[in-house]
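Proteins get letters first, then strands, A, B, ... in listed order; numbering begins at 1 in each.
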Amino acid sequence: MIALADCNNFYASCERVFQPKLEQKPIVVLSNNDGCVIARSNEAKKIGIPMGAPAFKMEELFENNGVHVFSANFALYGDFSQRVMNTMRTEVSAMEVYSIDESFMDFSNVALPKEKALEIRGKVKLWTGIPISIGVAPTKALAKVANHYAKKFTVDGVLVLEKASHISRALKKLPVQDLWGVGKRYAKFLSQRGVVTAYDLVGLDEGWIRRNMTVGGLKLVQELKGVSCFAIQESSPRKKNICTARSFGRKVKSACELKEAVSAYANTCSEKLRAEGSCASLITVFLATNPFDSSQPQYGGSRKIQLSTPTNDSLEIVKAAIETLKQIYKPGLIYKKAGVVVSEIVPENQVQLSLFDGVDRRKRKCLMNSVDQINKRIGKNKVRLAVQGFDRKWRLKQEHLSPCYTTRFTDLLTVSL
DNA sequence: TCTGGGGTCCTAGGACCC
DNA sequence: TCTGGGGTCCTAGGACCC
């Protein structure tokens, strides 16, 4: 048996932990740049605020319903995620962290799954303040289904799906698009063929599924029949791509500002590589104008640069990114977004060195180590490259940011007696 | 004025190899 | 008249996840 734990309305719940007066109140969390709604408390869902709705179109609705609006605070959510995962890890022998707010847990040796799940749920709430729901079933895909019902229809937030009759009853009531692995396109394609529920999908010919929904669809159907195709993966495989990209908080025209932004993103990619113990040899830079602004000329450019030696050195990666940016930059346009992707990733200790390499890599590694350690101790980006800029006018718009209660000393909660 | 930011996997088709 | 069979690698695009 496999359990899937999923935090309820995770970002909204994080915002509530240190502001208990927000219990029972509608909360929404906005994406970067306060762009669109990415998380909603149950109360906000009831008001009819859709997921992904642009915030500027919702202002009246927010106002009229007393909705508490937050800018995304990923430092806070990331820290809470770790606390939740660490708490769950004390209870099970094997666990896979699947996303920032979800984990699969091995329940194969759990005698009383329902009781165990309730215990975990209670412990996470007590230790972290975050409410979670847990679904337990024979496979991952079925655990997802169980979790779906646990969240929607149970009082205690836990559902075990084990008996065949219970499983087929659950599948009969589940719209096919609510399945893990069935998105909008497949849902439309299937409904045109009369496949509406998960149960309908399971009844189809497997050859047909394979032809029309690839092996991914076939594995999903197998899992729904109780045949496990997805094992619990305790350690995450090395990333194949690492991307840092942002929309700008305001219009950006000048090459100089773009250079600052792209340098900052390239530096972040380098930091992510170092944190993973990886190096990359392909750097891609892209930029784009605002696709929603039809009054302006549109442009999207991207270009790659191949490095002869894989690296995670900020100086090298930033330099390569700036060179690449110069090749795709067109003056006179209003840019809205830029990003850097690093790929062709290899482990740091398996880098193929070049005979003609001019860089003193040992020395550089020491430098990067020092920078990382200092920044870890006294704050992000305290030591950085000058090219990353100082006023950073292009940075995110975050008008409703909550304090980083758990990751920044100056933001610690104060209590007056 | 204002619409996010990460990822993965699969497939088809073209170019090329022997 | 008649033109094989087996591969790999790369890319773009599509689908999905959170």
Side-chain angles (χ1 to χ4, degrees), chain A residues 4-7 9-11 28-39 49-60 62 69-74 77-78 81 96-104 140-141 144 147-148 176-190 209-220 229-230 233 236-252 261 265 268-269 272 276 282 284 286 288-296 302 304 306 334 336-345 395-400:
Chain A
L4 173 68
D6 188 325
C7 300
N9 314 322
F10 182 52
Y11 299 166
V28 297
V29 177
L30 305 181
S31 62
N32 278 340
N33 276 315
D34 296 343
C36 45
V37 175
I38 55 168
I49 300 167
M51 185 70 166
F56 73 94
K57 288 185 182 173
M58 295 279 119
E59 268 161 22
E60 217 182 306
F62 292 164
V69 179
F70 290 92
S71 303
N73 184 344
F74 289 109
Y77 312 150
S81 175
E96 171 185 345
V97 177
Y98 177 67
S99 75
I100 193 164
D101 72 330
E102 281 173 82
S103 80
F104 289 103
K140 278 186 169 180
K144 275 267 186 188
N147 186 282
H148 177 86
V176 74
Q177 69 261 32
D178 288 350
L179 280 170
W180 186 40
V182 177
K184 250 185 178 169
R185 305 298 283 264
Y186 280 148
K188 192 179 166 199
F189 171 79
L190 289 168
I209 301 263
R210 173 70 183 81
R211 282 192 302 280
N212 291 284
M213 297 174 71
T214 80
V215 298
L218 184 58
K219 283 181 182 170
L220 167 65
C229 299
F230 306 119
Q233 293 192 311
S236 52
R238 191 173 299 275
K239 281 199 174 64
K240 295 174 178 173
N241 303 287
I242 291 175
C243 172
T244 306
R246 297 284 181 281
S247 297
F248 304 127
R250 59 167 197 138
K251 289 171 178 167
V252 169
Y265 304 157
T268 303
C269 282
K272 289 178 184 174
E276 287 223 335
L282 191 64
T284 308
F286 63 89
T289 54
N290 184 354
F292 294 100
D293 189 352
S294 50
S295 70
Q296 292 292 328
S302 103
K304 297 167 187 177
Q306 180 81 49
I334 300 170
K336 183 62 185 168
K337 184 175 182 173
V340 175
V341 187
V342 294
S343 43
E344 294 189 351
I345 289 173
R395 73 184 183 279
L396 294 177
K397 179 177 148 196
Q398 294 175 310
E399 288 176 356
H400 312 280

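- A sub-4.0 Å separation between OP1 or OP2 of B:dC2 and a side-chain N or O of A:Lys336 is absent.
- Using a 4.0 Å heavy-atom distance criterion, A:Leu220 is classed as making no nucleic acid contact.
- In this structure, A:Phe292 and A:Pro237 both approach DNA chain B, and ranking their closest nucleotides by distance from the 5' end singles out A:Phe292.
- Residue contacts shown for A:Lys251 are limited to sugar-phosphate atoms, with no base heavy atom under 4.0 Å away.
- Among all heavy-atom pairs drawn from A:Ala55 and A:Phe62, the shortest one is O-CE1, 4.3 Å.
- Remark: P of C:dC17 and CD of A:Gln177 are 11 Å apart, rounded to the nearest angstrom.
- Residue contacts shown for A:Phe74 are absent, as no nucleic acid heavy atom lies under 4.0 Å away.
- At the phosphate of C:dC18, OP1 or OP2 sits under 4.0 Å from a side-chain N or O atom of A:Lys144.
- Between A:Lys144 atom NZ and A:Asp6 atom CG the span is 6.5 Å, to the nearest 0.5 Å.
- Nearest-nucleotide assignment on DNA chain B puts the 5′-proximal partner with A:Pro54, out of A:Pro54 and A:Arg238.
- Considering only heavy atoms from C-beta on, A:Gln296 stays 4.5 Å or farther from A:Asn290 through its side chain.
- Across all non-hydrogen atoms, the minimal contact from A:Lys337 to A:Ala245 is CE-CB, 4.3 Å.
- Using a 4.5 Å cut-off on side-chain heavy atoms (C-beta onward), A:Leu179 and A:Tyr186 make no contact.
- Within the nucleic acid shown, A:Lys397 has no heavy atom closer than 4.0 Å to any nucleic acid atom.
- Residues A:Glu344 and A:Lys304 fail the side-chain proximity criterion, which asks for heavy atoms closer than 4.5 Å.
- Counting any heavy atom pair closer than 4.0 Å across all strands shown, A:Gly216 reaches no nucleic acid atom.
- Shown here for A:Thr289 and A:Lys336, the closest heavy-atom pair between the two residues is C-CB, 3.8 Å.
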- Message: Can you give me the dot-bracket string for DNA chain C, 5' to 3', counting Watson-Crick and G-U wobble pairs with both distances under 3.5 Å, using [ ] for crossing pairs and | for partners on another strand?
- Response: ....||||||||||||||
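- Distance A:Ile242 CD1 to B:dG6 P: 11 Å, rounded to the nearest Å.
- Counting any heavy atom pair closer than 4.0 Å across all strands shown, A:Leu30 reaches no nucleic acid atom.
- Note on A:Arg211: every side-chain N or O is 4.0 Å or more away from OP1 and OP2 of B:dT11.
- Between A:Ser247 and the phosphate of B:dG5, there is a side-chain N or O to OP1/OP2 separation shorter than 4.0 Å.
- Between A:Asn33 and B:dT3 there is no side-chain polar atom (N or O) within less than 4.0 angstrom of OP1 or OP2.
- Within the structure, a side-chain polar atom (N or O) of A:Arg246 is placed less than 4.0 Å from OP1 or OP2 of B:dG6.
- Between A:Asn290 and B:dT3 there is a side-chain polar atom (N or O) within less than 4.0 angstrom of OP1 or OP2.
- At whole-Å resolution of the value, NZ in A:Lys219 and C1' in B:dC10 are 10 Å apart.
- Protein atom OH of A:Tyr186 is 8 Å distant from nucleotide atom C1' of C:dG14, rounded to whole Å.
- Looking at A:Asp101 and A:Tyr77, their side chains never come closer than 4.5 Å, going by heavy atoms from C-beta outward.
- A:Lys272 comes within contact range of the sugar-phosphate backbone alone, with a heavy-atom separation under 4.0 Å but no base atom that close.
- Among the protein residues, A:Glu59 comes within range of no part of the nucleic acid, since none of its heavy atoms lies under 4.0 Å from any strand.
- Between A:Leu218 atom CG and C:dA15 atom P the separation is 19 Å, expressed in whole Å.
- For B:dG5, the OP1/OP2 oxygens have a side-chain nitrogen or oxygen of A:Lys337 closer than 4.0 Å.
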